[in-house]
Amino acid sequence: MTEDARTAGLRAQVAELMPQAKSDLAQLVSFKSVADPRQFPPEECDRAAQWVADAFAAAGLTTVGLHETPDGSTAVVASRPAPAGAPTVLLYCHYDVQPPMDEGAWRTPPWELTERDGRWYGRGSADCKGNIVMHLTALRALGPDLPLGVTLVAEGSEEQGTGGLERFVEAGPDLLRADAIVIGDCGNFAAGVPTLTETLRGNVNVVVTIETLAGPLHSGMFGGPAPDALAALIQVLASLRDKRGDTTIDGLPNDQVWPGVQYPSEQFHADAGVLRDVELTGAGTVADMLWARPALTVLGIDAPPVVGSAAAVPAIARARLNLRIPPGTDPAQAYRALVDHLDAHTPWRAKVTIELEGMGAPFRSRTGGPARAAMEAALAASYGRPATTQGQGGSIPLCNVFSATYPDAEIMLLGVEEPKCLIHAPNESVDPKEIEHMALAEALFLATYAG
Ligand SMILES: [Zn+2]
């Protein structure tokens, strides 16, 4: 079957725009836009925000502004009004990134977009700067005469979970009001397999601190009877998973089943880079564990580092915990269960303090509307195969705010982040073919949704 003229024309346009997409992504990746002033100067985020504003203005959006959100970060909003009677589409992305973590584990410099074996490496190359470039390339391919209204919002603190844009939307819902919302912070089940993400897990983040002594003590003179804060923390943390690796928080179900597409375990093994002979965790299937059940991860531990540690019994130890919860689980209830569990499993009546960092509800997107139909057709035309659906383990609390604020809007989650991207880990990368295909799909969607 030959392609219609519009699809063929846009496909050629997008292909021609790919060198510019690469240089844009290189520029974006060079900004160390980690929205945590304790780690990186805030100017890095400011420069990224300004770059995004300028780029979308140049791509034909007419009203462009930098808006301070209640958490002190900056959201870029750029829009072009809808012609009379036409719908408006909101394109979402974020320009802040996760810290690079262990820079020594990177095979290429994290802040320098580097091509290796056909992929482009760098922090944020996929999450979410690759999606910024996807939106940008789609708009450039269409040119300024759009048949519908478009609003672009680029959030500045998504990875911090501080809820800036959520409160910004609630405080002034008119600025981002739209008939369809494209959340460009997801991706395909695998490269080349067009996929809409239907559900998201929610999350609860806490920091737990355990204190036992007025100060560290000589482990020879005091070790044994002296209550060791780090040993207590290790006991508590060990209680959060069973031998198989299932998350075991008292009062929180952990036996749900994912009804949709299954994720073959060999594929997951490869996608996740699980070391040879190392087993996957949990009693369920990969899809059950990833999309339908809770998962507890210890994100960080404050304890004496190996180099520089003394022969001393630690007096204090801290851990940062991240609990992912599936659709159907209430975050406040999950938080309560986690706190009760941590309290109940702390040994020796050690002093335990639990701080809530943030939480977000799980999400399920609506199906059956005109935007969804147009997007499915656009994805199929771009990739030459029908679109499929998946769940996602990550959470985007903003989706719940959008669905509560704009109850009639169709929310769709997609993007360039497939499993090989290793988002949030060292050696993050993006497949440029995904940027090309997804930008084409988005351009086709914007061209056809207005009818
Ligand atoms: Zn992201």
Parallel, tilted or perpendicular: which fits the ring planes of [X] and [Y], with parallel below 30° and perpendicular above 60°?
{"X": "Y263", "Y": "W291", "result": "tilted"}
{"X": "F168", "Y": "H67", "result": "tilted"}
{"X": "H341", "Y": "H345", "result": "parallel"}

Any salt bridge linking R244 with E279? Criterion: basic side-chain nitrogen under 4.0 Å from a carboxylate oxygen. no
State plainly whether the residues E376 and R372 are in salt-bridge range, i.e. N to O under 4.0 Å. yes
First locate atom [atom1] of [X], then atom [atom2] of [Y], and finally report the distance between them rounded to the nearest 0.5 Å.
{"X": "F402", "Y": "L90", "atom1": "CZ", "atom2": "CG", "answer": "5.0 Å"}
{"X": "R123", "Y": "L28", "atom1": "CZ", "atom2": "CG", "answer": "15.0 Å"}
{"X": "R177", "Y": "D179", "atom1": "CZ", "atom2": "CG", "answer": "10.0 Å"}

Does a side chain donor of either [X] or [Y] reach within less than 3.5 Å of an acceptor in the other side chain?
{"X": "E155", "Y": "Y95", "value": "no"}
{"X": "S33", "Y": "D96", "value": "no"}
{"X": "H94", "Y": "E158", "value": "yes"}
{"X": "N322", "Y": "R324", "value": "yes"}
{"X": "E434", "Y": "N188", "value": "yes"}
{"X": "D54", "Y": "Q50", "value": "yes"}

Report yes or no: does [X] contribute a side-chain atom to a donor-acceptor pair with the main-chain N or O of [Y] at less than 3.5 Å?
{"X": "E418", "Y": "K420", "answer": "yes"}
{"X": "T405", "Y": "V401", "answer": "yes"}
{"X": "N427", "Y": "R107", "answer": "yes"}
{"X": "R47", "Y": "P42", "answer": "no"}

Find out whether [X] and [Y] are in side-chain contact, i.e. whether some heavy atom of one side chain is under 4.5 Å from a heavy atom of the other.
{"X": "L61", "Y": "S79", "result": "no"}
{"X": "T247", "Y": "R293", "result": "no"}
{"X": "Y449", "Y": "V89", "result": "yes"}

Should we say atom CD of Q333 is surrounded by more than 12 heavy atoms from elsewhere, each under 6.0 Å from it? no
Is it the case that over 12 heavy atoms from other parts of the model lie below 6.0 angstrom from the CZ atom of R241? yes
Among F31, Y121, F40, ring-ring contact (aromatic ring centres under 6.0 Å, His included) partner for W111: F40
